[in-house]
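Notes to accompany the following structure.
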Amino acid sequence: MNKVKEKVVTVGEKITDKLPDKLRRNRHKKPPARITSDTVEEHREKVLASGRKFKYPLQYTKHKIIINTIIVVIVTMIAFGGWLWYMLYPRQATSDFFYSATKILSLPVANVDGQKVPYADYLRRMRSAIFYKENHEKVDFSTNDGRRELNYLKRDELNKAERVAYATKIAKSKNLTISDEEINAEVDKDLRDSNGETMTPTEYENYVLQRYFGWTTADYRAELKNQLLERKVAFAVDTAAKAKITEAAARLQAGDDFATVAREMSDDDITREVGGGVSAQTGDADPNGLVAIARELGDNAISDVIQGVDGYYIVKLGSKTDDTTNYLMIKVVLRQFNDDFNKLRKAGKIKEYIKVPEFNDIGKSS
């Protein structure tokens, strides 16, 4: 009997040796434990635990996804910021994209005595100057002459943007602002041409702003606001000019000869020597509205003091026809704002973040 058992075992081992590895391993595994009322809860928890990783696959990796996402966002922002800085400051790009970026991000192009110079203000004017030169004067900025002209435009427009920033600084200290009504009044003047005809805002944008300046109405209004603010500040700070025009008005009111007062007190080099005499034709440029004011005066009447674009004026009508207006003029220019701004530059209180040659250096090298 023992020999029979040994024979069976030997034959069994030979058979199992010929089985695949997987079946051979399973032969030695213990049968699964029986589920009883005492162990059912334990088995239930094991089944649920093994299924959770399929029901909630992100439970174990979501923190890694969040961290990776944050890293990607930060790296992207740093890369974009570096590229934007390079294109705006070393390269000085002026395309629509970069102009929009400077308006959204409020980036500075310079600093005037602690007051930021918005890059958008500089680009708005610079883009307009380039647009006009390329489309109406056919300037090729890739030539030596074109590059010199481009450098001149950069310096001129950067100076103007810096002046506006300085005016903004003073306006804050003096509580000076520009209202929408003041802007609208200037817009209304521009909508009327020399023949008295009025364009609609849409017509003005299409046929003037976009055609000659490359501006939208929003660009135009922003530029008007800056110009009006600088003008208001220039009048506010120039007490010497105010005193001078007040003295001239007092002399005229006391009966002094207009031409004599003009020769002695007017700052206009062209008209001073002829007693302030001006002859204007219909259609001539009249940015200060002096012709219209003079034509409304009666014989020998003298106007009140007029705040023009660049100074104070007093006018007296000489004679007029349908096409010609002859009048006398006294002009007192504003100097204080310019003088103060130039002192800041000499004192090194204007810091520029882009490299633009000074006027005296333009043309020294191609």
Using only heavy-atom distances, determine whether the side chains of N226 and E230 contain a donor-acceptor pair under 3.5 Å. no
Salt-bridged, E186 to K189, with N to O below 4.0 Å? yes
So ring-ring contact (aromatic ring centres under 6.0 Å, His included) across residues 294-327, not counting sequence neighbours, yields F235-Y312
The reported gap from CZ in R163 to CG in L344 (rounded to nearest 0.5 angstrom) is 11.5 Å
NZ of K316 to CG of L252, rounded to nearest 0.5 Å, is 8.5 Å
Under a 3.5 Å distance rule, please check whether K320 uses its side chain to pair with a backbone N or O of L317 as donor and acceptor.
no
**Message:** I'd like to check V305 versus I314 (side-chain heavy atoms, cut-off strictly below 4.5 Å). Are they in contact?
**Reply:** yes
Is a donor on one side and an acceptor on the other found under 3.5 Å between the side chain of R155 and the backbone of F359? no
TODO: Report, as yes or no, whether the 6.0 Å neighbourhood of atom NZ on K103 holds more than 12 heavy atoms from other residues, nucleotides or ligands.
DONE: yes
Looking at E157 and R124, does any basic side-chain N land under 4.0 Å from a carboxylate oxygen? no
Any side-chain heavy atom of V237 within less than 4.5 Å of one from K174?
yes
**OP:** For Q281, look at atom CD and say whether over 12 heavy atoms of other residues, nucleotides or ligands are found less than 6.0 Å away.
**Re:** yes
- request: Go through the side-chain N and O atoms of N144 and R148 and say whether any donor and acceptor fall under 3.5 Å apart.
  value: no
- Message: Taking CG in N342 as the centre, count heavy atoms belonging to other residues, nucleotides or ligands within less than 6.0 Å. Is the count above 12?
- Response: yes
Ignoring hydrogens and geometry, is there a side-chain-to-backbone donor-acceptor pair from E203 to T200 under 3.5 Å? yes
* To do: Assess whether side-chain hydrogen bond (donor to acceptor under 3.5 Å, both in side chains) is satisfied between Q336 and D340, documenting all intermediate values.
  => CA-CA 6 Å; Q336 191 64 51; D340 292 344; 2.9 Å; yes
Y207, OH: over 12 other non-hydrogen atoms inside 6.0 angstrom:
no
- Note, R221 side chain near T217 side chain (heavy atom, < 4.5 Å): yes
**Message:** Contact between L153 and R125 at the side-chain level, heavy atoms closer than 4.5 Å - yes or no?
**Reply:** no
Inspect the contact between R251 and E264 and indicate whether a charged nitrogen and a carboxylate oxygen are less than 4.0 angstrom apart. yes
Handout entry: Residue pair T202 / E205, side-chain donor-acceptor N/O under 3.5 Å
Key = no
Practice problem: Return yes when atom CD of E358 has more than 12 non-hydrogen atoms of other residues, nucleotides or ligands closer than 6.0 Å, and no otherwise. | Solution: yes
* **Residue R211 excluded, over 12 heavy atoms near CZ under 6.0 Å** => no
Sequence neighbours excluded, the answer for side-chain contact (heavy atoms from CB on, under 4.5 Å) partners of Y212 is Y132, H136
The reported gap from CD1 in I354 to CZ in R91 (rounded to nearest 0.5 angstrom) is 14.0 Å
CE of M265 to CD1 of I330, rounded to nearest 0.5 Å, is 7.5 Å
(Q) With no hydrogens and no angle check, just 3.5 Å: does a side-chain donor-acceptor pair link T198 and R192? (A) no
**OP:** Kindly assign one of parallel, tilted or perpendicular to the pair Y119 and Y89, based on the angle between their ring planes and the thresholds 30° and 60°.
**Re:** perpendicular
_Taking R127 first and then D219, would you say they form a salt bridge - that is, a charged N and a carboxylate O separated by under 4.0 Å?_
no
- Message: Quick check on the hydrophobic clustering: are L150 and Y99 connected, directly or via other members, by side-chain heavy-atom contacts under 4.5 Å?
- Response: yes
Could you tell me whether the side chain of K169 and the main chain of D113 form a donor-acceptor pair under 3.5 Å?
-> yes
Residues passing the ring-ring contact (aromatic ring centres under 6.0 Å, His included) test with Y86, sequence neighbours excluded, are none
CG (D268) and CE (M329) are apart, to the nearest 0.5 Å, by 4.0 Å
Note: W85 and P90 closest approach over all heavy atoms is O-CD, 3.1 Å
- Compare all side-chain heavy atoms of I245 with those of E247 and state whether any distance is below 4.5 angstrom. no
Query raised in the report: Aromatic rings F80 and W83: how do their planes relate, parallel, tilted or perpendicular, breaks at 30° and 60°?
Result: tilted
Heavy atoms of P118 and V109 approach each other most closely as O-CG1, 4.0 Å
_Residue pair K116 / T168, side-chain donor-acceptor N/O under 3.5 Å_ = no
Salt-bridged, R231 to D310, with N to O below 4.0 Å?
no
Whether over 12 other heavy atoms sit under 6.0 Å from L105 CG:
yes
query: Hey, are E352 and R345 close enough for a salt bridge, meaning a charged N less than 4.0 Å from a carboxylate O?
result: yes
Take F131 and F213 through the ring pair (Phe, Tyr, Trp, His ring centres under 6.0 Å) test and state the conclusion after the steps. CA-CA 6 Å; F131 179 87; F213 300 93; 8.8 Å; no
**Prompt:** Does a donor on one side chain and an acceptor on the other come within less than 3.5 Å for Q92 and K355?
**Reply:** no
All heavy atoms of D286 vs all of A292, minimum pair found to be OD2-N, 3.8 Å
Q) Side chains of K64 and I67: does their closest heavy-atom pair fall under 4.5 Å? A) no
Review point. Less than 4.5 Å apart, any side-chain heavy atom of T260 and any of D256?
Key: no
*asked:* Salt bridge check, D156 against K160: does any charged N sit closer than 4.0 Å to a carboxylate O?
replied: yes
Check: Should the pair R263-E273 be classified as a salt bridge under the 4.0 Å nitrogen-to-oxygen rule?
Finding: no
- Could you walk me through whether K232 and T177 pass the side-chain hydrogen bond (donor to acceptor under 3.5 Å, both in side chains) check? CA-CA 9 Å; K232 182 177 284 191; T177 59; 5.6 Å; no
| message | If we count only N and O atoms by modelled type, under 3.5 Å, do the side chains of S142 and D140 hold a donor and an acceptor together? | response | yes
The reported gap from CG in N326 to OG in S319 (rounded to nearest 0.5 angstrom) is 4.0 Å
Of all heavy-atom pairs linking A110 and Y353, the shortest is N-CD1, 3.6 Å
Would you call Y166 and V117 a side-chain contact if the rule is heavy atoms closer than 4.5 Å? no
